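Note: hydrogens, waters and symmetry copies are ignored here, and every other heavy atom, side chains too, is used. Bear in mind that the values here come from a model prediction, so they are computed numbers and not experimental data. In the text below, chain A, chain B and the rest are named by the order of the sequence lines, each starting its count at 1.
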Protein chains: 2
Amino acid sequence: MPTRARTVTIKHVAAEAGVSLQTVSRVINDGPNVRDAVKERVREAITRLGYVPSIAARRMGGSRSYLLLALNDRDRTIEGWRSGDGTDWVDQMLLGGMLECAEHDYRMIFELVDTHSAHVEREISSALSALHPDGVILTPPHGDNPEITELLTSKGIPFARIGSTGEGPGFAISMDDSRAAAAATEHLLGLGHHRIGFITGSEEYALSAARLDGYRAAVRAGGAVERPDLVAPGDFTFASGLAATRRLLALPEPPTAILASSDQMALAALEVARGAGLDVPGDLSIVSFDDTPIVKFSAPSLTAIRQPIAAMTARAAELLIRATTGEAVGDEPSVLPFDLIVRGSTAPPRR
Amino acid sequence: MPTRARTVTIKHVAAEAGVSLQTVSRVINDGPNVRDAVKERVREAITRLGYVPSIAARRMGGSRSYLLLALNDRDRTIEGWRSGDGTDWVDQMLLGGMLECAEHDYRMIFELVDTHSAHVEREISSALSALHPDGVILTPPHGDNPEITELLTSKGIPFARIGSTGEGPGFAISMDDSRAAAAATEHLLGLGHHRIGFITGSEEYALSAARLDGYRAAVRAGGAVERPDLVAPGDFTFASGLAATRRLLALPEPPTAILASSDQMALAALEVARGAGLDVPGDLSIVSFDDTPIVKFSAPSLTAIRQPIAAMTARAAELLIRATTGEAVGDEPSVLPFDLIVRGSTAPPRR
DNA sequence: CTGTTAGCGCCTTCAC
DNA sequence: GTGAAGGCGCTAACAG
């Protein structure tokens, strides 16, 4: 009968290195007060035995949990997955978050929470009680939900708000949505457009207002037409994009370019334009506010603002881990750079 | 000064319900030997206090960890995320796996592992030691890597192999790749094609062989042309798809239809065809073997086999959880249904 | 610098 | 049916 493959614990390492259990603990936690020689001996024992501390036991010991919890909006996320519309928000989050966590020997656990639900608080409390994460990453619109931020604050759990710029507690991490919208608008102005339509995002997202502001500022600065009816309300969805675009194109003097606050709405604009017999970009230029995979594959492919989702999530993870480690971390908002990717959907207006 | 928001533990619940700590444990674990009245009382206390057991403490107590570990291929996954080519494998996995886990009060932790690396074993051992998951979900090609399956087996950790059909240990969960390839081929035969090209997947994946078999069987059964040069090697990548397609189209008697083992290769086939001045589907029909978002947005959109990734992952999670619970679970391979989605890239051949 | 002593929150085993 | 010990692997606090 083969030897039972028992788990290697700190005790085994201690015995192997001929030191106390506590010394081993000090070594793996980079604690002070261990002679280099001993440290070395312990390290060798660790390698030899292939010892890896149990995350659960570590937590129990009263230290960190080495876990970060990332919270996304349930409905929107599941809807995105179900529809298979190619949004890669989650992938980019994982890319940035997981890799950063891995660097620090942390794990990121991804979870879905319904912002609107009456029991947001209960849902999140449960997750916190069960997991005891060292930090929480909030993505839009959670970062702007006071129920959530207050809960976290009261529990004393560090958190980061992605896509959220408000002052408040927690690390605010965003790209400059206002500047991005302005940059997109300037791109259109530079091409010679004067009537530029704008489709807003859901009001629930703070960044929607920021984008609108940026658009307005650029329009004004560029001396283009400022008219309220050039701004049509949307909520990021394809359907809302259809409605908004129809509305814009039905104006007596319709815009020659449209800036949409999401990829789905931009795609919708493209569809409406096509249905109306308009050539894109000849008759109508379109700019998308997400550079998700699909906008590269539409015909024409869309000029788009690219959000640094991976970078924002990585930053969030980094800040949270540093905060937990006790490192001094400034709480100035992090504003990460965006990209304007010019593709085939924008060109000078015909008239 | 506000009351310090201490964590609610099983002790508090016990006190609140006026029972022993142990009785509470019995209730939350559906243990036997608790009077309904008491059980009720405890449940109420739990609700009132908002108690949720700590996953870490549970593990330490010697029971389950309520964690499932999902292992993906590192390079391929990161490459997919970086390129933003719209593959939604990971999303579909999360959709199926996380939701199923949530049902059972489990968590799925997603991790990347390099199959080729010399230290696969070490990497995985570390993750296991740190997390102590109750089960592991292996995605291609990990499920076919004996180093990994043997390690898991020797450690006695239940695991599921997605996209893997081999006998071996662990739950085999797959779609019928062979049947799917046959179905796609039959679809083309039905349209009147006689020379059907096939681009294989990487040999490292067991399913690549299965697909080839299905194609061959259907070609033979359909009385179509069986020729070795109608089969071109690929490795799932766009680049390999370009090469394979050029090779097929350069044949003296080129195929009138191509079945590609991945979306990227199908897209590559489309590009080569276009570059060669061929009309798709007029001159060349193309079928993709992944129904990722982008193949819906190509022009024309691609007819494709849709893998039930979410369903497979959900099944994996379910089986693993049941196995841990001690429920009897058969170990017959699970074969889940696929779909053939007919779109604009397939039509009868012109000649 | 290093070892010893208490727990962390829960579950298992054994009494009652 | 229920409760009382004991310990899981680790770390914090305190000795030496």
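- A straight line from CD1 of B:I10 to C1' of D:dC8 spans 15 Å, rounded to a whole angstrom.
- Within a heavy-atom distance below 4.0 Å of DNA chain D, the residues of residues 35-52 of chain B found are B:R35, B:V38.
- A:T47 meets the side-chain hydrogen bond (donor to acceptor under 3.5 Å, both in side chains) test with no other residue; sequence neighbours excluded.
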(request) Kindly indicate, with the supporting measurements, whether the criterion side-chain hydrogen bond (donor to acceptor under 3.5 Å, both in side chains) is fulfilled by A:S129 and A:S126. (result) CA-CA 5 Å; A:S129 303; A:S126 295; over 6 Å; no
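- Residue B:T23 has a polar side-chain atom (N or O) positioned under 4.0 Å from OP1 or OP2 of D:dG3.
- When rounded to the nearest whole Å, the span between NZ of A:K11 and P of C:dG3 equals 16 Å.
- When heavy atoms are screened at a 4.0 angstrom cut-off, B:P53 is found touching the sugar-phosphate backbone but no base atom.
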Between the protein and nucleotides 12-16 of chain D, list every N/O to N/O distance that falls short of 3.5 Å.
residue : atom : partner : partner atom : Å
D:dA12  : N6   : A:Q22   : OE1          : 2.8

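- With the nearest nucleotide of DNA chain D identified for both B:R59 and B:G18, B:G18 has the one nearer the 5' end.
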I would like to know whether B:T115 and B:N145 meet side-chain hydrogen bond (donor to acceptor under 3.5 Å, both in side chains); could you show each step before the answer?
-> CA-CA 8 Å; B:T115 303; B:N145 181 337; 4.7 Å; no
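- Where B:M60 and B:N33 meet DNA chain D, the nucleotide closest to each residue was compared, and B:N33 sits on the side nearer the 5' end.
- When rounded to the nearest whole Å, the span between NE2 of B:H132 and C1' of D:dC10 equals 11 Å.
- Applying the ring-ring contact (aromatic ring centres under 6.0 Å, His included) definition to pairs two or more places apart or across chains, none involves residues 132-157 of chain A.
- Under 4.0 angstrom from either OP1 or OP2 of D:dG3 there lies at least one side-chain N or O belonging to B:S20.
- Around the CD atom of B:E167, the shell of radius 6.0 Å holds no more than 12 heavy atoms that belong to other residues, nucleotides or ligands.
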**Steps toward salt bridge (Lys or Arg N to Asp or Glu O under 4.0 Å) verdict (A:E123, A:R74)** = CA-CA 11 Å; A:E123 273 191 27; A:R74 173 178 288 127; 3.1 Å; yes
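- Rounded to whole Å, atom C1' of C:dC11 lies 10 Å from atom OH of B:Y66.
- As a whole-Å value, the separation of B:D30 CG from C:dC10 C1' is 16 Å.
- Considering only residues two or more places apart in sequence or on other chains, A:R41 meets the salt bridge (charged side-chain N to carboxylate O under 4.0 Å, His left out) condition with none of them.
- Dense packing is recorded around CZ of B:R58, with more than 12 heavy atoms of other residues, nucleotides or ligands lying under 6.0 Å away.
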N/O donor-acceptor pairs under 3.5 Å from side chains in residues 88-110 of chain A, not counting sequence neighbours:
residue : atom : partner : partner atom : Å
A:D88   : OD2  : A:Q92   : NE2          : 3.4
A:D91   : OD2  : B:W81   : NE1          : 3.0
A:Q92   : NE2  : B:W81   : O            : 3.0
A:E100  : OE2  : A:H104  : NE2          : 2.9
A:Y106  : OH   : A:R64   : NH1          : 3.3
A:Y106  : OH   : A:D134  : OD2          : 2.9
A:R107  : NE   : B:E111  : OE1          : 3.3
A:R107  : NE   : B:E111  : OE2          : 3.3
A:R107  : NH2  : B:E111  : OE2          : 2.5

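- Residue-level contact check: A:I28 touches the backbone only, with heavy atoms under 4.0 Å from sugar-phosphate atoms and none from bases.
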